[in-house]
Amino acid sequence: MGETLVWLRWLQFMDLGLVFGAALTARLLGQRVDSPWGRRVLGLSCVLGLALGAGGFAFILARMAASTAADLDAELVSTMLTDTALGWAAIARGLFLTLALGVILWRRRNTPLLAVAVLGGLATACLAWGGHAAASMGFASLVRLGGDMAHLWAGLTWLGALLLFTALVWSSGADDRTALARLGRQLGGFALIGTVLVGVLVLSGFDNLLFLAPPGQWGVMAATPYGRLLLTKLGLFGAMFLLAGHNRFHLVPALERAIDPRARHRALAALRRSVTLETLLALGVIWCIAAAGTMDPMGAA
């Protein structure tokens, strides 16, 4: 059951990376979603998010009740939905995703990405109540929840941007110089946004670490399954940061300088490999986050 819950959490993060992160990145870079394919991806992501939210909530209850999701009592589900912060967060997340789906269906042309991103961001914020921050009380709870929300927003924006850029680099042809020039501008335009995201991730992650354990206990935490997972996450994050810098300062300029067709093919192929690898690393980071939320930071899984 624990592994199933981790994968459900991972899929929820991935899904919101599209509904929130990709939509927000596209809006910030001035893109529009007029194609049926783009609207279909966003719409199906909203529907999938609703199903994943319901499944994730059921598995959390089953884990708490030492039961299976199929054997959950209807009264218990109703009580947890209406009498707990976790339940209200699940209801709110479903409402925000439903509204986002309604916006997409209502505006069949020129989908309002900002509205979808805002609703997706609110749905993302609701995930904070499914992590360790929800265990705090009083003012500390507000600070931790705020830090978790900031971490989720920044992380899923970066993930959404990578998913978007992966689609763009693989759909752009080396012979279409106009499309390549637009791709280069979009990747370059994300540089400042990416810098801000890294800063938010570092600060909010450090804030969360201080809440989990004082500096004197970090060595103890590093020996736990949670600590080893955290170190793995940091290693993957560092590799992503290096790849992002390589893309920004080497591969994108090389693509912009390429004049003859052979050079453009080589530059685009190198950029495709790098962006795809960065995206795969991001998927690993998200899996670490999904698994960490099911573990005791100072004890066993």
Close side-chain approach of L11 to L48, heavy-atom, < 4.5 Å: no

side-chain contact (heavy atoms from CB on, under 4.5 Å) evaluation trace for L152 with F13: CA-CA 9 Å; L152 286 166; F13 290 138; 3.6 Å; yes

Side chains of L86 and I60 in contact at under 4.5 Å (non-hydrogen atoms): yes

Minimal non-hydrogen separation, L50 against G94, with atom names: CD2-O, 3.3 Å

W218-L229 co-clustered via ILVMFWY side chain contacts under 4.5 Å: yes

is_close_aromatic(F241, W158), centroid dist under 6.0 Å: no

Side chain to side chain contact (heavy atoms under 4.5 Å, CB included) partner of T157, the single match among L197, L201, V196: L197

Contact check, side chains of V143 and F211, non-hydrogen atoms, under 4.5 Å: yes

Student check: side-chain heavy atoms of L95 and L99 closer than 4.5 Å: yes

Heavy-atom donor-acceptor pair, R264 side chain to I259 backbone, under 3.5 Å: yes

CG on L243 to NE2 on H250, rounded to 0.5 Å: 11.5 Å

side-chain contact (heavy atoms from CB on, under 4.5 Å) evaluation trace for L212 with R144: CA-CA 10 Å; L212 291 175; R144 289 192 68 182; 3.5 Å; yes

Co-membership, hydrophobic cluster, residues L156 and V200, 4.5 Å side-chain: no

Over all atoms of both residues, closest heavy-atom pair of L159 and A282: CD1-CB, 4.1 Å

Main-chain N/O of V220 paired to T224 side chain as donor or acceptor, under 3.5 Å: no

Transitive ILVMFWY side-chain link V41 to L44, under 4.5 Å: no

Worked check of side chain to side chain donor-acceptor pair (under 3.5 Å) between T84 and W129: CA-CA 10 Å; T84 66; W129 275 269; over 6 Å; no

Distance, nearest 0.5 Å, that separates CZ of R9 from CG of L52: 12.5 Å

From NZ (K233) to CD1 (I289), nearest 0.5 Å: 4.5 Å

Audit row: D207, L203, side-chain contact (heavy atoms from CB on, under 4.5 Å) steps and yes/no: CA-CA 6 Å; D207 172 74; L203 290 175; over 6 Å; no

Parallel, tilted or perpendicular: rings of W10 and W7 (30°, 60°): perpendicular

N/O donor-acceptor pair under 3.5 Å between T25 side chain and A22 backbone: no

Where R248 and A191 come nearest, the two heavy atoms and their spacing: NE-CB, 3.1 Å

Contact summary for G43 and L101, nearest pair of heavy atoms: O-CD1, 3.7 Å

Donor-acceptor contact below 3.5 Å, side chain S274 vs main chain L271: no

Spatial distance of atom CZ (F190) from atom CG (L192) [nearest 0.5 Å]: 10.0 Å

Any N208 side-chain heavy atom under 4.5 Å of H151 side chain: no

Check: E256 and L180 side chains under 4.5 Å, non-hydrogen atoms: no

S78 side chain vs A74 backbone, donor-acceptor pair below 3.5 Å: no

Residues, nucleotides or ligands: over 12 heavy atoms within 6.0 Å of R27 CZ: no

Co-membership, hydrophobic cluster, residues M14 and W170, 4.5 Å side-chain: yes

Distance-minimising heavy-atom pair for L255 and L268: CD1-N, 3.9 Å

Pair L24-W153, side-chain contact (heavy atoms from CB on, under 4.5 Å): steps then yes or no: CA-CA 10 Å; L24 179 61; W153 283 329; over 6 Å; no

Inter-residue atom distance L97.CG - F20.CZ, 0.5 Å rounding: 12.5 Å

Non-hydrogen atoms of E278 and A244 that approach each other most closely: OE2-CB, 3.6 Å

ILVMFWY network linking L283 to L242, side-chain heavy atoms under 4.5 angstrom: no

Atom pair CG/CE of L236 and M240 - distance to nearest 0.5 Å: 8.5 Å

